[in-house]
2 protein chains.
Amino acid sequence: MTGPRPRPADRPSRGRQRASHSIEAVLGAAVALLDEAGEPALTLRALATRLGTGVGSIYWYVSGKDDLLDRAIDHVLGGVLTAVEGRTGSDDPIDDLRVMAVTLFDAIVDRPWLGAHFMRRTDVQGNSLRLFEKLGQQTLRLDLTPLQRFHAVSAIVGVVVGNAADLGQEPPQEVFDGFVDRDEFLGRYTETWRALDAEEFPFVHDIVEEFDGHDDKEQFLAGLDLTLAGLRLQAGA
Amino acid sequence: MTGPRPRPADRPSRGRQRASHSIEAVLGAAVALLDEAGEPALTLRALATRLGTGVGSIYWYVSGKDDLLDRAIDHVLGGVLTAVEGRTGSDDPIDDLRVMAVTLFDAIVDRPWLGAHFMRRTDVQGNSLRLFEKLGQQTLRLDLTPLQRFHAVSAIVGVVVGNAADLGQEPPQEVFDGFVDRDEFLGRYTETWRALDAEEFPFVHDIVEEFDGHDDKEQFLAGLDLTLAGLRLQAGA
DNA sequence: TTCGACCATAGAACGAGGTTCGATAATTGC
DNA sequence: GCAATTATCGAACCTCGTTCTATGGTCGAA
(Lines give C-alpha, C1' and ligand atoms only; values in the text may rest on other atoms or scores of the structure.)
Protein backbone atom coordinates (compact mmCIF):
# COMPACT_ATOMS: atom_id res chain seq x y z
CA MET A 1 0.00 0.00 0.00
CA THR A 2 2.42 2.64 -1.17
CA GLY A 3 1.42 6.24 -1.69
CA PRO A 4 1.17 7.78 -5.13
CA ARG A 5 4.44 8.22 -6.92
CA PRO A 6 5.69 11.79 -7.21
CA ARG A 7 4.73 13.49 -10.42
CA PRO A 8 6.15 16.60 -12.05
CA ALA A 9 2.80 18.27 -11.71
CA ASP A 10 2.89 17.81 -7.97
CA ARG A 11 5.93 19.93 -7.36
CA PRO A 12 7.22 23.16 -8.86
CA SER A 13 9.44 22.07 -11.73
CA ARG A 14 12.68 23.77 -10.91
CA GLY A 15 14.24 24.28 -14.28
CA ARG A 16 13.55 22.01 -17.18
CA GLN A 17 15.77 18.99 -17.06
CA ARG A 18 15.58 18.05 -20.69
CA ALA A 19 12.19 16.41 -20.60
CA SER A 20 11.26 15.41 -24.09
CA HIS A 21 7.62 15.59 -23.06
CA SER A 22 6.23 18.15 -20.71
CA ILE A 23 2.77 18.16 -19.29
CA GLU A 24 2.01 21.01 -21.67
CA ALA A 25 2.96 18.83 -24.61
CA VAL A 26 0.65 16.10 -23.39
CA LEU A 27 -2.21 18.53 -22.86
CA GLY A 28 -1.62 20.20 -26.19
CA ALA A 29 -1.72 16.90 -28.02
CA ALA A 30 -4.84 15.89 -26.13
CA VAL A 31 -6.58 19.12 -27.07
CA ALA A 32 -5.50 18.66 -30.66
CA LEU A 33 -7.05 15.21 -30.76
CA LEU A 34 -10.25 16.53 -29.23
CA ASP A 35 -10.40 19.40 -31.69
CA GLU A 36 -9.82 17.17 -34.66
CA ALA A 37 -12.30 14.41 -34.02
CA GLY A 38 -14.16 15.01 -30.79
CA GLU A 39 -14.10 13.25 -27.49
CA PRO A 40 -14.11 9.65 -28.69
CA ALA A 41 -10.86 10.35 -30.52
CA LEU A 42 -9.06 10.97 -27.27
CA THR A 43 -7.65 7.57 -26.40
CA LEU A 44 -4.46 6.99 -24.52
CA ARG A 45 -3.06 4.96 -27.36
CA ALA A 46 -3.81 7.61 -29.94
CA LEU A 47 -2.28 10.19 -27.65
CA ALA A 48 0.83 8.10 -27.14
CA THR A 49 1.20 7.58 -30.87
CA ARG A 50 0.89 11.29 -31.53
CA LEU A 51 3.48 12.04 -28.90
CA GLY A 52 5.74 9.30 -30.17
CA THR A 53 5.88 7.55 -26.83
CA GLY A 54 4.30 4.61 -25.08
CA VAL A 55 1.02 4.56 -23.24
CA GLY A 56 2.68 4.10 -19.90
CA SER A 57 4.56 7.37 -20.19
CA ILE A 58 1.38 9.39 -20.13
CA TYR A 59 0.62 8.07 -16.68
CA TRP A 60 3.68 9.84 -15.44
CA TYR A 61 2.09 13.20 -16.13
CA VAL A 62 -1.49 12.32 -15.49
CA SER A 63 -3.19 10.03 -13.03
CA GLY A 64 -5.66 8.65 -15.52
CA LYS A 65 -8.00 9.58 -18.28
CA ASP A 66 -10.34 11.60 -16.11
CA ASP A 67 -7.44 13.62 -14.85
CA LEU A 68 -6.25 14.06 -18.42
CA LEU A 69 -9.62 15.41 -19.51
CA ASP A 70 -9.84 17.69 -16.50
CA ARG A 71 -6.44 19.16 -17.19
CA ALA A 72 -7.07 19.49 -20.90
CA ILE A 73 -10.25 21.42 -20.17
CA ASP A 74 -8.49 23.60 -17.66
CA HIS A 75 -5.79 24.15 -20.25
CA VAL A 76 -8.13 25.64 -22.82
CA LEU A 77 -10.10 27.43 -20.11
CA GLY A 78 -6.90 29.35 -19.45
CA GLY A 79 -7.19 30.84 -22.90
CA VAL A 80 -10.84 31.56 -22.38
CA LEU A 81 -10.02 33.33 -19.15
CA THR A 82 -7.62 35.74 -20.77
CA ALA A 83 -10.09 36.31 -23.58
CA VAL A 84 -12.72 37.18 -21.01
CA GLU A 85 -10.42 39.46 -19.07
CA GLY A 86 -9.68 41.48 -22.16
CA ARG A 87 -13.29 42.47 -22.64
CA THR A 88 -14.46 43.80 -19.29
CA GLY A 89 -14.56 47.34 -18.01
CA SER A 90 -17.80 48.74 -19.35
CA ASP A 91 -19.89 51.14 -17.36
CA ASP A 92 -22.69 48.66 -16.96
CA PRO A 93 -21.81 45.52 -15.01
CA ILE A 94 -24.66 43.63 -16.63
CA ASP A 95 -23.31 44.50 -20.04
CA ASP A 96 -20.00 43.11 -18.90
CA LEU A 97 -21.70 39.95 -17.73
CA ARG A 98 -23.30 39.63 -21.11
CA VAL A 99 -20.04 40.00 -22.94
CA MET A 100 -18.37 37.44 -20.72
CA ALA A 101 -21.19 34.94 -21.14
CA VAL A 102 -21.04 35.36 -24.90
CA THR A 103 -17.29 34.80 -24.82
CA LEU A 104 -17.82 31.59 -22.91
CA PHE A 105 -20.45 30.45 -25.34
CA ASP A 106 -18.26 31.21 -28.33
CA ALA A 107 -15.47 29.15 -26.82
CA ILE A 108 -17.81 26.18 -26.67
CA VAL A 109 -18.94 26.74 -30.23
CA ASP A 110 -15.31 26.53 -31.27
CA ARG A 111 -14.76 23.41 -29.20
CA PRO A 112 -18.01 21.49 -28.94
CA TRP A 113 -16.40 18.82 -26.81
CA LEU A 114 -16.11 21.41 -24.06
CA GLY A 115 -19.88 21.56 -23.77
CA ALA A 116 -20.39 18.31 -21.98
CA HIS A 117 -17.83 19.01 -19.29
CA PHE A 118 -17.74 22.76 -19.19
CA MET A 119 -17.63 24.19 -15.69
CA ARG A 120 -17.84 20.70 -14.34
CA ARG A 121 -15.57 21.43 -11.46
CA THR A 122 -15.88 24.88 -10.01
CA ASP A 123 -14.36 23.33 -6.97
CA VAL A 124 -10.76 23.69 -6.08
CA GLN A 125 -8.65 26.18 -7.93
CA GLY A 126 -8.23 26.00 -11.65
CA ASN A 127 -9.37 28.35 -14.35
CA SER A 128 -12.91 27.18 -13.90
CA LEU A 129 -13.01 28.80 -10.50
CA ARG A 130 -11.25 31.87 -11.82
CA LEU A 131 -13.91 32.29 -14.48
CA PHE A 132 -16.55 31.91 -11.83
CA GLU A 133 -14.83 34.63 -9.84
CA LYS A 134 -14.53 36.96 -12.80
CA LEU A 135 -18.22 36.67 -13.49
CA GLY A 136 -19.01 37.22 -9.87
CA GLN A 137 -16.91 40.34 -9.64
CA GLN A 138 -19.32 42.07 -11.93
CA THR A 139 -22.16 41.33 -9.55
CA LEU A 140 -20.23 43.04 -6.80
CA ARG A 141 -21.01 46.26 -8.62
CA LEU A 142 -24.72 45.57 -8.37
CA ASP A 143 -26.99 46.32 -5.45
CA LEU A 144 -27.66 42.75 -4.42
CA THR A 145 -27.30 40.49 -1.43
CA PRO A 146 -24.49 37.96 -1.49
CA LEU A 147 -27.02 35.19 -2.00
CA GLN A 148 -28.57 37.02 -4.91
CA ARG A 149 -25.15 37.49 -6.40
CA PHE A 150 -24.39 33.83 -6.10
CA HIS A 151 -27.66 32.88 -7.69
CA ALA A 152 -27.21 35.37 -10.49
CA VAL A 153 -23.85 33.93 -11.47
CA SER A 154 -25.15 30.39 -11.19
CA ALA A 155 -28.08 31.30 -13.41
CA ILE A 156 -25.86 32.80 -16.08
CA VAL A 157 -23.53 29.83 -16.05
CA GLY A 158 -26.60 27.63 -16.19
CA VAL A 159 -27.86 29.36 -19.30
CA VAL A 160 -24.49 29.02 -20.99
CA VAL A 161 -24.11 25.37 -20.07
CA GLY A 162 -27.70 24.54 -20.85
CA ASN A 163 -27.54 26.00 -24.32
CA ALA A 164 -24.05 24.75 -25.01
CA ALA A 165 -25.06 21.24 -24.06
CA ASP A 166 -27.18 21.17 -27.19
CA LEU A 167 -24.14 21.81 -29.31
CA GLY A 168 -21.71 19.23 -28.11
CA GLN A 169 -23.61 16.09 -28.84
CA GLU A 170 -25.60 16.09 -32.04
CA PRO A 171 -23.31 15.38 -34.98
CA PRO A 172 -23.60 11.59 -35.31
CA GLN A 173 -20.62 11.65 -37.62
CA GLU A 174 -21.63 13.96 -40.37
CA VAL A 175 -19.99 17.25 -39.59
CA PHE A 176 -16.58 15.68 -39.28
CA ASP A 177 -16.85 13.95 -42.61
CA GLY A 178 -18.79 16.71 -44.28
CA PHE A 179 -21.27 14.29 -45.80
CA VAL A 180 -24.15 16.31 -44.46
CA ASP A 181 -24.03 19.93 -43.44
CA ARG A 182 -25.78 21.27 -40.41
CA ASP A 183 -28.57 22.94 -42.37
CA GLU A 184 -29.63 19.73 -44.03
CA PHE A 185 -29.34 18.02 -40.69
CA LEU A 186 -31.76 20.51 -39.14
CA GLY A 187 -33.99 20.25 -42.18
CA ARG A 188 -34.86 16.74 -41.19
CA TYR A 189 -36.15 18.06 -37.90
CA THR A 190 -38.53 20.48 -39.51
CA GLU A 191 -39.84 17.83 -41.87
CA THR A 192 -40.53 15.44 -39.04
CA TRP A 193 -42.11 18.16 -36.96
CA ARG A 194 -44.33 19.35 -39.76
CA ALA A 195 -45.66 15.83 -40.12
CA LEU A 196 -46.88 15.74 -36.53
CA ASP A 197 -50.56 15.92 -35.69
CA ALA A 198 -51.59 19.56 -35.51
CA GLU A 199 -54.15 18.94 -32.79
CA GLU A 200 -51.74 17.23 -30.49
CA PHE A 201 -48.75 19.45 -31.20
CA PRO A 202 -50.00 22.99 -31.65
CA PHE A 203 -46.87 24.55 -30.25
CA VAL A 204 -44.48 22.67 -32.47
CA HIS A 205 -46.52 23.71 -35.45
CA ASP A 206 -46.48 27.29 -34.28
CA ILE A 207 -42.72 27.45 -34.19
CA VAL A 208 -41.64 24.99 -36.86
CA GLU A 209 -41.23 27.64 -39.50
CA GLU A 210 -38.89 29.61 -37.25
CA PHE A 211 -36.81 26.58 -36.80
CA ASP A 212 -35.74 26.61 -40.41
CA GLY A 213 -32.58 28.63 -40.58
CA HIS A 214 -32.30 28.16 -36.85
CA ASP A 215 -29.28 29.75 -35.21
CA ASP A 216 -27.90 28.30 -31.99
CA LYS A 217 -26.24 31.52 -31.04
CA GLU A 218 -29.37 33.56 -31.52
CA GLN A 219 -31.24 31.10 -29.35
CA PHE A 220 -28.61 31.38 -26.66
CA LEU A 221 -28.62 35.16 -26.77
CA ALA A 222 -32.39 35.29 -26.43
CA GLY A 223 -32.30 33.09 -23.35
CA LEU A 224 -29.40 35.00 -21.89
CA ASP A 225 -31.12 38.33 -22.37
CA LEU A 226 -34.21 36.99 -20.70
CA THR A 227 -32.19 36.11 -17.64
CA LEU A 228 -30.26 39.36 -17.69
CA ALA A 229 -33.50 41.31 -17.95
CA GLY A 230 -34.69 39.56 -14.83
CA LEU A 231 -31.41 40.35 -13.13
CA ARG A 232 -31.59 43.99 -14.10
CA LEU A 233 -35.06 44.12 -12.65
CA GLN A 234 -33.85 42.56 -9.43
CA ALA A 235 -30.91 44.91 -9.13
CA GLY A 236 -33.22 47.85 -9.65
CA ALA A 237 -30.92 49.30 -12.25
CA MET B 1 -25.81 -6.58 -46.91
CA THR B 2 -29.05 -7.74 -45.39
CA GLY B 3 -31.50 -5.38 -43.77
CA PRO B 4 -31.95 -5.25 -40.02
CA ARG B 5 -33.57 -8.25 -38.47
CA PRO B 6 -37.13 -7.75 -37.28
CA ARG B 7 -37.40 -6.79 -33.67
CA PRO B 8 -40.44 -6.76 -31.37
CA ALA B 9 -40.01 -3.06 -30.91
CA ASP B 10 -40.41 -2.52 -34.63
CA ARG B 11 -43.87 -3.92 -34.95
CA PRO B 12 -46.99 -3.81 -32.78
CA SER B 13 -46.79 -6.86 -30.58
CA ARG B 14 -50.01 -8.66 -31.41
CA GLY B 15 -50.71 -10.51 -28.22
CA ARG B 16 -47.96 -11.73 -25.99
CA GLN B 17 -46.68 -15.08 -27.12
CA ARG B 18 -45.07 -16.14 -23.91
CA ALA B 19 -42.05 -13.89 -23.97
CA SER B 20 -40.19 -14.28 -20.73
CA HIS B 21 -38.59 -10.88 -21.29
CA SER B 22 -40.37 -7.91 -22.72
CA ILE B 23 -38.80 -4.66 -23.70
CA GLU B 24 -40.38 -3.18 -20.61
CA ALA B 25 -38.57 -5.69 -18.44
CA VAL B 26 -35.27 -4.77 -20.07
CA LEU B 27 -35.90 -1.06 -19.65
CA GLY B 28 -37.06 -1.51 -16.08
CA ALA B 29 -33.93 -3.42 -15.17
CA ALA B 30 -31.79 -0.83 -16.91
CA VAL B 31 -33.42 1.99 -14.98
CA ALA B 32 -33.00 0.03 -11.78
CA LEU B 33 -29.29 -0.33 -12.41
CA LEU B 34 -28.98 3.35 -13.18
CA ASP B 35 -30.89 4.30 -10.06
CA GLU B 36 -28.85 2.04 -7.86
CA ALA B 37 -25.35 2.97 -8.91
CA GLY B 38 -25.41 5.56 -11.64
CA GLU B 39 -24.51 5.43 -15.26
CA PRO B 40 -21.28 3.44 -15.07
CA ALA B 41 -23.26 0.59 -13.51
CA LEU B 42 -25.28 0.11 -16.66
CA THR B 43 -23.30 -2.51 -18.53
CA LEU B 44 -24.80 -5.06 -20.81
CA ARG B 45 -23.35 -7.87 -18.77
CA ALA B 46 -24.74 -6.53 -15.52
CA LEU B 47 -28.07 -6.08 -17.21
CA ALA B 48 -28.02 -9.60 -18.58
CA THR B 49 -27.14 -11.01 -15.19
CA ARG B 50 -29.97 -9.12 -13.55
CA LEU B 51 -32.39 -10.39 -16.16
CA GLY B 52 -31.03 -13.90 -15.89
CA THR B 53 -30.20 -14.09 -19.58
CA GLY B 54 -27.22 -13.74 -21.86
CA VAL B 55 -25.82 -10.57 -23.29
CA GLY B 56 -26.87 -11.48 -26.79
CA SER B 57 -30.53 -11.59 -25.85
CA ILE B 58 -30.59 -7.93 -25.02
CA TYR B 59 -29.69 -7.12 -28.59
CA TRP B 60 -32.98 -8.62 -29.62
CA TYR B 61 -34.85 -5.79 -27.94
CA VAL B 62 -32.34 -3.02 -28.40
CA SER B 63 -29.97 -2.14 -31.19
CA GLY B 64 -27.10 -1.27 -28.90
CA LYS B 65 -26.18 0.55 -25.75
CA ASP B 66 -27.01 3.99 -27.06
CA ASP B 67 -30.44 2.80 -28.04
CA LEU B 68 -30.81 1.21 -24.63
CA LEU B 69 -29.99 4.47 -22.87
CA ASP B 70 -32.27 6.44 -25.14
CA ARG B 71 -35.17 4.13 -24.48
CA ALA B 72 -34.51 3.99 -20.76
CA ILE B 73 -34.55 7.77 -20.62
CA ASP B 74 -37.71 7.93 -22.68
CA HIS B 75 -39.17 5.34 -20.36
CA VAL B 76 -38.77 7.45 -17.24
CA LEU B 77 -39.64 10.60 -19.16
CA GLY B 78 -43.03 9.03 -19.71
CA GLY B 79 -43.63 9.19 -15.99
CA VAL B 80 -42.36 12.73 -15.86
CA LEU B 81 -44.76 13.68 -18.62
CA THR B 82 -47.82 12.46 -16.78
CA ALA B 83 -46.57 14.14 -13.61
CA VAL B 84 -46.28 17.38 -15.55
CA GLU B 85 -49.68 17.03 -17.14
CA GLY B 86 -51.31 16.65 -13.77
CA ARG B 87 -50.17 20.05 -12.60
CA THR B 88 -51.13 22.48 -15.31
CA GLY B 89 -54.22 24.60 -15.69
CA SER B 90 -53.50 27.68 -13.63
CA ASP B 91 -54.70 31.11 -14.68
CA ASP B 92 -51.19 32.35 -15.29
CA PRO B 93 -49.30 30.55 -18.07
CA ILE B 94 -45.99 31.62 -16.59
CA ASP B 95 -46.95 30.08 -13.28
CA ASP B 96 -47.70 26.90 -15.16
CA LEU B 97 -44.32 27.07 -16.85
CA ARG B 98 -42.72 27.45 -13.47
CA VAL B 99 -44.49 24.44 -12.05
CA MET B 100 -43.55 22.33 -15.04
CA ALA B 101 -39.91 23.38 -14.89
CA VAL B 102 -39.79 22.55 -11.20
CA THR B 103 -41.31 19.15 -11.91
CA LEU B 104 -38.63 18.49 -14.48
CA PHE B 105 -35.93 19.57 -12.09
CA ASP B 106 -37.28 17.37 -9.31
CA ALA B 107 -37.24 14.40 -11.65
CA ILE B 108 -33.55 14.95 -12.24
CA VAL B 109 -32.89 15.33 -8.55
CA ASP B 110 -34.45 11.92 -8.07
CA ARG B 111 -32.45 10.44 -10.91
CA PRO B 112 -29.18 12.31 -11.25
CA TRP B 113 -28.10 10.19 -14.19
CA LEU B 114 -30.85 11.84 -16.21
CA GLY B 115 -29.05 15.15 -15.98
CA ALA B 116 -26.34 14.44 -18.48
CA HIS B 117 -28.69 13.24 -21.19
CA PHE B 118 -31.88 15.02 -20.32
CA MET B 119 -33.65 16.47 -23.33
CA ARG B 120 -30.80 15.24 -25.46
CA ARG B 121 -33.05 14.33 -28.30
CA THR B 122 -35.98 16.63 -28.79
CA ASP B 123 -35.93 15.33 -32.30
CA VAL B 124 -38.27 12.68 -33.50
CA GLN B 125 -41.21 11.70 -31.36
CA GLY B 126 -40.73 10.38 -27.88
CA ASN B 127 -41.68 11.85 -24.56
CA SER B 128 -38.87 14.34 -24.84
CA LEU B 129 -40.67 16.04 -27.69
CA ARG B 130 -43.98 15.77 -25.88
CA LEU B 131 -42.52 17.56 -22.88
CA PHE B 132 -41.17 20.23 -25.18
CA GLU B 133 -44.63 20.60 -26.63
CA LYS B 134 -46.32 20.79 -23.25
CA LEU B 135 -44.01 23.57 -22.18
CA GLY B 136 -44.58 25.37 -25.43
CA GLN B 137 -48.33 25.20 -25.15
CA GLN B 138 -48.15 27.53 -22.20
CA THR B 139 -46.37 30.11 -24.29
CA LEU B 140 -49.23 30.01 -26.78
CA ARG B 141 -51.26 31.79 -24.14
CA LEU B 142 -48.73 34.62 -24.04
CA ASP B 143 -48.59 37.58 -26.36
CA LEU B 144 -45.37 36.65 -28.13
CA THR B 145 -44.09 35.99 -31.60
CA PRO B 146 -43.45 32.36 -32.54
CA LEU B 147 -39.72 33.02 -32.41
CA GLN B 148 -40.02 34.51 -28.95
CA ARG B 149 -42.02 31.50 -27.86
CA PHE B 150 -39.40 29.15 -29.16
CA HIS B 151 -36.64 31.06 -27.43
CA ALA B 152 -38.59 31.20 -24.20
CA VAL B 153 -39.02 27.44 -24.06
CA SER B 154 -35.40 26.88 -25.02
CA ALA B 155 -34.31 29.23 -22.28
CA ILE B 156 -36.37 27.47 -19.65
CA VAL B 157 -35.12 24.07 -20.72
CA GLY B 158 -31.64 25.55 -20.72
CA VAL B 159 -31.98 26.70 -17.14
CA VAL B 160 -33.25 23.30 -16.05
CA VAL B 161 -30.53 21.42 -17.87
CA GLY B 162 -27.82 23.85 -16.86
CA ASN B 163 -28.63 23.61 -13.19
CA ALA B 164 -29.33 19.91 -13.27
CA ALA B 165 -26.00 19.26 -14.95
CA ASP B 166 -24.35 20.24 -11.68
CA LEU B 167 -26.21 17.48 -9.91
CA GLY B 168 -25.52 14.50 -12.06
CA GLN B 169 -21.80 14.36 -11.78
CA GLU B 170 -20.52 15.31 -8.36
CA PRO B 171 -20.56 12.25 -6.16
CA PRO B 172 -17.15 10.66 -6.80
CA GLN B 173 -18.39 7.58 -4.98
CA GLU B 174 -19.41 8.85 -1.62
CA VAL B 175 -23.16 9.26 -1.79
CA PHE B 176 -23.65 5.72 -3.00
CA ASP B 177 -21.60 4.24 -0.21
CA GLY B 178 -22.70 6.72 2.40
CA PHE B 179 -19.17 7.29 3.64
CA VAL B 180 -19.58 11.01 3.27
CA ASP B 181 -22.84 12.88 3.19
CA ARG B 182 -23.47 15.77 0.89
CA ASP B 183 -23.17 18.42 3.56
CA GLU B 184 -19.70 17.34 4.50
CA PHE B 185 -18.84 17.13 0.83
CA LEU B 186 -19.87 20.72 0.32
CA GLY B 187 -18.08 21.69 3.50
CA ARG B 188 -14.80 20.98 1.80
CA TYR B 189 -15.68 23.51 -0.83
CA THR B 190 -16.22 26.29 1.65
CA GLU B 191 -12.99 25.49 3.43
CA THR B 192 -11.01 25.60 0.23
CA TRP B 193 -12.73 28.76 -0.88
CA ARG B 194 -12.17 30.51 2.40
CA ALA B 195 -8.48 29.81 2.10
CA LEU B 196 -8.22 31.67 -1.21
CA ASP B 197 -6.54 35.03 -1.44
CA ALA B 198 -9.08 37.72 -0.59
CA GLU B 199 -7.55 40.22 -2.99
CA GLU B 200 -7.71 37.94 -5.96
CA PHE B 201 -11.06 36.35 -5.16
CA PRO B 202 -13.30 39.03 -3.69
CA PHE B 203 -16.46 37.53 -5.11
CA VAL B 204 -15.86 34.05 -3.77
CA HIS B 205 -15.23 35.55 -0.36
CA ASP B 206 -18.41 37.57 -0.63
CA ILE B 207 -20.55 34.51 -1.19
CA VAL B 208 -18.69 31.75 0.61
CA GLU B 209 -20.76 32.07 3.75
CA GLU B 210 -23.94 31.63 1.75
CA PHE B 211 -22.57 28.50 0.27
CA ASP B 212 -22.67 26.75 3.60
CA GLY B 213 -26.02 25.05 3.79
CA HIS B 214 -26.26 25.51 0.08
CA ASP B 215 -29.40 24.16 -1.55
CA ASP B 216 -29.33 23.12 -5.18
CA LYS B 217 -33.05 23.52 -5.55
CA GLU B 218 -33.04 27.02 -4.15
CA GLN B 219 -30.28 27.93 -6.56
CA PHE B 220 -32.25 26.52 -9.45
CA LEU B 221 -35.42 28.33 -8.42
CA ALA B 222 -33.60 31.63 -8.19
CA GLY B 223 -32.21 31.25 -11.69
CA LEU B 224 -35.53 30.10 -13.04
CA ASP B 225 -37.36 33.05 -11.52
CA LEU B 226 -34.83 35.39 -13.04
CA THR B 227 -35.59 34.01 -16.46
CA LEU B 228 -39.32 33.96 -15.89
CA ALA B 229 -39.19 37.56 -14.72
CA GLY B 230 -37.56 38.47 -17.99
CA LEU B 231 -40.17 36.52 -19.86
CA ARG B 232 -42.99 38.21 -17.99
CA LEU B 233 -41.47 41.53 -18.90
CA GLN B 234 -41.26 40.53 -22.53
CA ALA B 235 -44.83 39.29 -22.64
CA GLY B 236 -46.01 42.55 -21.12
CA ALA B 237 -48.07 40.69 -18.57
C1' DT C 1 -47.56 -35.85 -37.61
C1' DT C 2 -43.86 -33.72 -39.72
C1' DC C 3 -41.42 -30.12 -41.55
C1' DG C 4 -39.77 -25.79 -42.30
C1' DA C 5 -40.05 -20.63 -41.09
C1' DC C 6 -39.67 -17.55 -37.69
C1' DC C 7 -39.21 -16.11 -32.82
C1' DA C 8 -36.18 -15.82 -29.08
C1' DT C 9 -32.29 -17.10 -26.37
C1' DA C 10 -27.70 -18.01 -25.09
C1' DG C 11 -22.80 -17.41 -24.78
C1' DA C 12 -18.24 -17.76 -26.94
C1' DA C 13 -15.11 -14.81 -29.41
C1' DC C 14 -13.31 -10.36 -31.09
C1' DG C 15 -11.50 -5.80 -30.83
C1' DA C 16 -10.86 -1.53 -28.47
C1' DG C 17 -10.05 0.95 -24.51
C1' DG C 18 -8.08 2.13 -19.62
C1' DT C 19 -4.96 0.67 -16.28
C1' DT C 20 -1.10 -1.91 -14.00
C1' DC C 21 3.37 -3.58 -13.75
C1' DG C 22 8.13 -4.54 -14.10
C1' DA C 23 12.19 -3.59 -16.77
C1' DT C 24 15.22 -0.16 -18.21
C1' DA C 25 17.49 3.95 -19.61
C1' DA C 26 18.77 8.77 -18.25
C1' DT C 27 19.75 12.13 -14.87
C1' DT C 28 20.89 13.97 -10.52
C1' DG C 29 22.95 14.29 -5.83
C1' DC C 30 26.60 13.03 -2.94
C1' DG D 1 31.72 6.89 -9.51
C1' DC D 2 27.53 5.13 -7.36
C1' DA D 3 23.05 5.03 -5.67
C1' DA D 4 18.67 7.20 -5.77
C1' DT D 5 15.49 9.47 -8.32
C1' DT D 6 13.39 10.69 -12.67
C1' DA D 7 11.34 9.32 -16.81
C1' DT D 8 10.19 6.04 -20.44
C1' DC D 9 8.38 2.13 -22.61
C1' DG D 10 5.33 -1.63 -23.98
C1' DA D 11 3.52 -6.12 -22.79
C1' DA D 12 -0.22 -8.04 -20.21
C1' DC D 13 -4.72 -7.74 -17.91
C1' DC D 14 -9.42 -6.73 -17.36
C1' DT D 15 -13.75 -4.78 -18.67
C1' DC D 16 -16.94 -3.49 -22.03
C1' DG D 17 -19.68 -3.20 -26.45
C1' DT D 18 -20.56 -5.80 -30.33
C1' DT D 19 -20.86 -9.72 -33.58
C1' DC D 20 -21.61 -14.35 -34.79
C1' DT D 21 -23.19 -18.81 -34.71
C1' DA D 22 -25.70 -22.43 -32.62
C1' DT D 23 -29.77 -23.97 -30.48
C1' DG D 24 -34.45 -24.51 -28.60
C1' DG D 25 -39.20 -23.40 -29.02
C1' DT D 26 -43.70 -22.26 -31.41
C1' DC D 27 -46.92 -22.37 -35.07
C1' DG D 28 -48.96 -22.94 -39.56
C1' DA D 29 -49.05 -25.70 -43.72
C1' DA D 30 -48.69 -29.98 -46.11
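Proteins come first, then strands; the chains are lettered A, B, ... in the order of their sequence lines, and each starts at number 1. Just so it is clear, the structure is predicted and the values come from calculations on it, not from any experiment.
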Can the ring centres of A/F132 and B/F203 be said to be less than 6.0 Å apart?
yes
How close or far is atom P of C/dA10 from atom CH2 of B/W60, stated in whole angstroms?
14 Å
Write down the distance between NZ (A/K65) and P (C/dT19), rounded to a whole number of angstrom.
8 Å
Whole-Å distance between C/dT19 C1' and A/L47 CG?
15 Å
Per side-chain contact (heavy atoms from CB on, under 4.5 Å), B/L44 is matched among B/I58, B/T49, B/V62 by B/I58
Flag side-chain contact, heavy atom, 4.5 Å: B/V31 against B/I73
no
Scan A/T43 against the nucleic acid and name what it touches under 4.0 Å (heavy atoms): base, sugar-phosphate only, or nothing.
sugar-phosphate
Between B/Y61 and C/dA8, is there a side-chain N or O to OP1/OP2 distance below 4.0 Å?
no
Phosphate contact (D/dT18 OP1 or OP2) by B/Y59 side-chain N/O below 4.0 Å:
yes
Could you check how far CG of A/L69 sits from C1' of C/dG17, rounded to whole Å?
14 Å
Any carboxylate oxygen within less than 4.0 angstrom of a Lys/Arg side-chain nitrogen, looking at A/R50 and A/E36?
yes
For A/L42, which contact category applies under a 4.0 Å heavy-atom criterion: base, sugar-phosphate, or nothing?
sugar-phosphate
To the nearest angstrom, the CG-C1' distance between B/L44 and C/dT9 comes to 15 Å
Between A/I58 (CD1) and C/dT20 (C1'), how many Å, whole number?
14 Å
Let me know the distance between CZ of A/R45 and C1' of D/dA11, rounded to the nearest Å.
10 Å
Below the 4.0 Å mark, does C/dT9 have OP1 or OP2 next to a side-chain nitrogen or oxygen of B/T53?
no
Can you find a heavy atom in the side chain of B/I108 that is under 4.5 Å from one in the side chain of B/W113?
no
To the nearest angstrom, how far is B/D67 atom CG from D/dG17 atom P?
14 Å
Check whether any side-chain nitrogen or oxygen of A/S57 sits under 4.0 Å from OP1 or OP2 of D/dA7, and answer yes or no.
no
